[in-house]
S.K.: 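Please read through the structure below; I'll follow up with questions.
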Amino acid sequence: MNLNLLILIPFITALVVLFCNGLKQVRTVALLGSGLQLILAFWLLYCFYEERSAGNVSQMVFEYTYQWFAPLHINFHIGVDGISIAMILLTAFVVIAGVLVSWSMDTLNKEFFFLLLFLSMGAYGFFMSLDLFTLFFFLEVAVIPKFLLIGIWGSGKKEYSAMKLALMLMGGSALVFVGLIGLYFNTNIDGFHSFDLLQISKMKIPLDAQMLFFPFAFIGFGIFTALFPFHTWVPDGHSSAPTAASMFLAGISMKLGGYGCLRVATYLMPDAAHAYSEIIILLSTIAIIYGAFATLMQTDLKYINAYSSISHCGFVLLGIGMLTQTSITGAVMQMVSHGLMTALFFAAIGMIYSRTHTRMVAHLGGLLKVMPFISSVFIIVGLCSLGLPGFSGFVAEMTIFIGSWQNPETLYRIATILACASIVVTAVYILRATGKAVLGPITDAHFNTLGDALWNEKLAAILLVGGIVAIGILPFWLNDLITPGSQQIILQTGQNILLK
Amino acid sequence: MLNDFFILMKQELVLLAILFILLIIKVGNDWSNERLLNVINALLLINVVAGFIMPAEGALFGDMFKTNGLITLEKNILNVGTLIISLQSYSWLKNHKHLSEFYMLMLSTLLGMFYMLSSGNLLMFYLGLELSSIPLAAMANFDLEKRKSSEAAIKFILSSAFSSGLLLFGVSLLYGTTGTLSFTEITPHLTNAPLQIFAFVLILAGFSFKISVVPFHFWTADVYEGSPVAVTSYLSVISKGAVLFVFVSILYTVFKPLADVWYNMLFLLSVLTIVIGNLFAIRQDNFKRFLAFSSIAQVGFILVGISGSSPLGTASVIYFVLIYIFSNLGAFGVVSIVSALTGKENISDYKAFYKTNPLLSWVLTIALFSLAGVPPTAGFFGKFFLLIAGAEQGNYVLISIAALNMVISFYYYLRIVKSIFMDPNEQPIEKLTVPWMPKLALFLCLAGIVVIGLWSTIYEYIYSLSIGL
C-alpha cells in the first residue's frame, strides 16, 4: 500500500473544500474525504496483517523514501509499524467524528473544514515519519491550524487560549528542534550526519549527547502531551475550542507528543531515557494525581474533561517512563483509548452545550429524560474514563499498571500505587458529574423542549463508542498490533525486566 | 577581451541599457504614467529573463570585477525582487509625478549592488556600496509632500555616511597593514595582529549598519516608517539582501584567517540582534515599523547561519534571503496596496480585515507564517537550514537561544493574524479592488513561498553553486 495516499487524501480534500460553495457542498466533501481516510486506515490495517502473515518481519513496512534535501541528507521517509497503525486508526476515527459533529458549522465553514483536514494531514504524516526532519515538519504543520481553529471559532476567552496554546506548543517544538539538531550532529552514517530514524536507532549516540538532548526532545514532546509543569495550555485550549477542535486537540494532537516521546526521545536515546526515567515517573505521577484532584474542583464540563485529560495523559508518560515492554504497550493503548474516549467526551459535551447553552454541571440535570441518546453516550464515556472493564480505558490502564509493577524498584512501585489510587478520584468526579448532569430531576424547564441527537451526531458517537468497546472487549488485537513495536523499543533500551 | 566584457558584465549592461532607455523616454516623450509603468515593468521582466541566459565565470580589469555562477544567481534573485516590488507599487506610482526618476534611482542602486557583488577589490566594493546607498536616500524622500519621508531620507543619508566612514577607516587600516586592496591578496597577509582585528571590527561595524544588526540598528525603524512602502520594501529586502550576500562571501573568503575572531563577534551580535529585534517588534503598531523590527530579528537568524561555515553557511544564507524576499514582499505587497488605496498603515487598522478582503488576508497571513517559519511555507525550511548551518560549530547555546526566540517571534506574527481574523471592528478596511499588476506580484510571492521550500531542487542548486567558493 502506498502510504503517501494518507497524506494526499486529506490534502486534496482540503483543497477541494476551498473551491466549494455553501455549507452543504463543503461538509459533503469533508465527510467524503474523512470517510475515505477511515477506509484507507482500515485498508492499511488489512494490508499490514497480510504483509506480516506473508512473512515480512522487517521493522517498518510499506516504506517509501524520496531524497528531499540531498546536501543535508534529509529524506522524505515514511513507513509504518503496529504502533503507527494504531495511531493512524485513532486519527481517522477522530477526524470523521470531528467532521460529523461540525455538520451545521455556519460561520466560515470552508475555512473551518479546510483547517481540520489540514491538521489531519499533519497528524498522519507525523505518525508515519521515519525521518526526523519529516517528522518535525508534520509536527509543526499540525500546530498552527489549532491557533486559527480556536481563535476564530472558539468561545470564551478564545484569543488568549489560542495564543497560549500556540506559543506553548511552539515552545515545545522549539525544544524538540534543538533535540533533533543535537541528534543530527551526533550521528555519523558513512561519514555523514543523518535524520533517518531507523539508521540512528542502529548506531549508538554518545552517552553525553544523549544526556544533553534527551530532555530537550522529551520535554518538547511532553508539552504536547501535558507533561506536568507544562500542562497549563490544556484546560484553556480545550475549553475555548469549538467542539471539533477540542476533539482534535485531545484526541490527536496530545497523542503527537506521546508518540514523539516514545518514538524519538525514548527509542533513539535509550540510555538517557533510562537515566532520566525517575524524573519522568515523578512528573507523570504528579500529573496523574494533580490532574485528578484538579478535576474534582471543576464546575465546567469541558474543564472537567480537560483536567482529566492531564491525568490520563500522565498515564501515557508513566507507561513510557517505566520502560518495560508491557508498560509501553499500555502507554500506546492508553493513547488510542484516551484519544477515542476524550474525543467522544468532547463530542457529547458539545452536543449538550449546543442544546442547553451551558456547560456548567450545576445548571444541568435530568438530561437523560430529554435526550436519552446523548446522555447514554455521556454515561458510557464517563464509565470508560473511570476505567470500567469492558471499555478501552480499563484495558489500557490495566496494561500500564501491570507493566509498571514489573519494575521492581521502590520509587516505581510507589508511583504505580499512587497512580492506581488516582482511579478512585477519577470515579468521584466522573460519577458526580454524570449523576448531576444526566440523572436526577430536570433542573430547567426549557430542557424539556430540547431534542435528541441528530443522525450526524449519532453516527459520530456510534463510531467512537464502537472503537472504545472494540478495544474494551477484544483488547488482544490492539495488543498484538502494538507489541512488536514496543518490543523493538525495549530491545533498544537494553533492559527487559520481563526477560530477567 | 571585448567578448568577455560583454558576456561577463551582461547583467550590468542590461541594467545600464534600461537606464538609458528610461532617460530617453523621459527626455523625448510625454507618456502617461500608466504607459510608462507598462513599459518599465516589461523592461524589468526582460532584465530578469536576460539574467538567466548564458551564465559565465571570469574576471575583468585585473580582478576588479569578477563573476561566477553564484554571483549571477544572487544578481538574479535581486532582479526578481526588484520586479516584484515594481509590480507591487503600481497603485502608488500610478499617480506619482516623478515616476521615471524613481525608477532611475532604483535601477542605479541595483547597479551599485551588482558591482558590489562582483567586486574583487575593496575599492570596487566601496564604489558599489556607495552607488547603492546614496540614491536610496533620494528614494526614501519620494513621498514628496510628507515631512516624515524627508526625515527618513536625512536619517538614512546620515547613518549611511557614518557607516561608510567606519568602513573606509577599516579599509584604510587594512590597506596599511597588508599593503593591498585586492581580496585575494589580503587573505594571506592576515595574521591576527591587533591592528588588523581593529580594522576588521570597523569593517564589521560598517556592514552591521547596512544590514541593521543590533546595536547599529537605530536608523532602521524610523527610515522604514517614513519612507514610501515601495522604498521600505526595497530597503528591507533588496538592499539588505545584497549586502548580506557580500558579507557572507567576504567573511568566508577574505577574512577566513580571522574566523576565530569573527565567530565570537557574530555569536554575540546575532544573539543581541534576535533578542532586541524580537522584543521591540512585539510593541509596534505601525506596520512598517513592525516589519522593520521583524526584519532586524530575521537578520539575527541569518547571522546564526553565517556563524557556520561554507558551503552550508553560504547556501543556507542565500536560500534564506531568497525565501525572505518572497515572504517579506508578500507582506509588504499587501501593506503597500492597503496604504496606497486607503492610507492606513497601522496594525490596528487591520482588525477584521478578513471580513472584507479574504484573499488579501490569506496572502498576508501566509507571508507572515513564512516569516515566522511555519511549515509548509518556505520560511520553515529557510530557518531550519540556517540553524543547521549555525549548529555545525557545535554551539548549542546559540541554537537554543535562536529556537526559543522563534517562539517569541511567533507571538508577534500571530498577533497580526489574530487582528486580521479574530478581532471585531466596527469600521474595517473596505473591500479593495486590486489592479492586476500588484495581484501578479502577490501571486508570484505566494508561489515563491510555497515552491521554494517544498521543491528541494532550488536548495540543492544553490548548494552546488556554493561548494565552489
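First the proteins, then the strands, lettered A, B, ... as listed; each starts at 1.
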S.K.: So, for A:F147 and B:F421, is the gap between ring centers shorter than 6.0 Å?
M.R.: no
S.K.: Looking at B:P311, B:A391, B:G373, which makes the most heavy-atom pairs under 4.5 Å with chain A?
M.R.: B:A391
S.K.: Select one option (side chain, backbone, both, neither) describing which atoms of A:Y184 are under 4.5 Å from chain B's heavy atoms.
M.R.: side chain
S.K.: Is the count of non-hydrogen atoms from other residues, nucleotides or ligands lying under 6.0 Å from B:Y263 atom OH greater than 12?
M.R.: yes
S.K.: If we define contacts as heavy-atom pairs under 4.5 Å, which of B:I399, B:V374, B:I388 has the most with chain A?
M.R.: B:I388
S.K.: Measuring heavy-atom distances to chain B, does A:L72 have an atom under 4.5 Å in its side chain, in its backbone, in both, or in neither?
M.R.: side chain
S.K.: Ignoring hydrogens and geometry, is there a side-chain-to-backbone donor-acceptor pair from A:E159 to B:D423 under 3.5 Å?
M.R.: no
S.K.: Enter the distance from B:Q393:CD to A:F185:CZ here, rounded to the nearest 0.5 Å.
M.R.: 9.5 Å
S.K.: Are any of the side-chain heavy atoms of A:L148 and B:M422 separated by less than 4.5 Å?
M.R.: yes
S.K.: Based on non-hydrogen pairs under 4.5 Å, which of B:G394, B:S400, B:A372 is most in contact with chain A?
M.R.: B:S400
S.K.: Tell me, out of B:Y354, B:F369, B:W362, who's got the most heavy-atom pairs with chain A below 4.5 Å.
M.R.: B:Y354
S.K.: Using the ring of each side chain (for Trp, its six-membered ring), is B:F381 parallel, tilted or perpendicular to A:W68, with breaks at 30° and 60°?
M.R.: perpendicular
S.K.: Between chain B and each of A:G151, A:G154, A:S173, count heavy-atom pairs under 4.5 Å; write down the option with the most.
M.R.: A:G151
S.K.: What's the separation between atom CG in B:L454 and atom CZ in A:F137, rounded to the nearest 0.5 Å?
M.R.: 5.5 Å
S.K.: Is it the backbone or the side chain of A:I144 that comes under 4.5 Å from a heavy atom of chain B, or both, or neither?
M.R.: side chain
S.K.: Sequence neighbours excluded, which residues qualify as side chain to side chain contact (heavy atoms under 4.5 Å, CB included) partners of B:T273?
M.R.: B:V213, B:V214, B:I296, B:L303
S.K.: Can you give me the closest heavy-atom contact between A:A166 and B:L414, atom names plus distance?
M.R.: CB-CD1, 3.7 Å
S.K.: In Å, rounded to the nearest 0.5 Å, how long is the span from CD1 of A:I74 to OH of B:Y459?
M.R.: 7.5 Å
S.K.: Is atom NZ of B:K355 surrounded by more than 12 heavy atoms (other residues, nucleotides or ligands) closer than 6.0 Å?
M.R.: no
S.K.: Does any heavy atom of chain A fall under 4.5 Å from the side chain of B:L312, the backbone, both, or neither of them?
M.R.: side chain
S.K.: Quick check on A:N2: does its CG atom have over 12 non-hydrogen neighbours (other residues, nucleotides or ligands) under 6.0 Å away?
M.R.: yes
S.K.: Can you tell me which portion of A:F213 sits under 4.5 Å from chain B's heavy atoms? Options are side chain, backbone, both or neither.
M.R.: side chain
S.K.: Please report the interatomic distance CZ(A:F177) to CG(B:L404), rounded to the nearest 0.5 Å.
M.R.: 11.0 Å
S.K.: Heavy-atom pairs under 4.5 Å with chain B - which of A:F136, A:W153, A:F138 has more of them than the others?
M.R.: A:F136
S.K.: For B:E460 versus A:P71, what's the shortest heavy-atom pair and its separation?
M.R.: CG-CD, 3.3 Å
S.K.: Once you measure the plane-to-plane angle for A:F69 and B:Y319, does it fall in the parallel (<30°), tilted (30-60°) or perpendicular (>60°) bin?
M.R.: perpendicular
S.K.: Please determine, among B:A315, B:A402, B:A403, B:P375, the option with the most heavy-atom pairs under 4.5 Å with chain A.
M.R.: B:P375
S.K.: Measure distances from B:F380 to the heavy atoms of chain A and classify the residue's part below 4.5 Å as side chain, backbone, both or neither.
M.R.: side chain
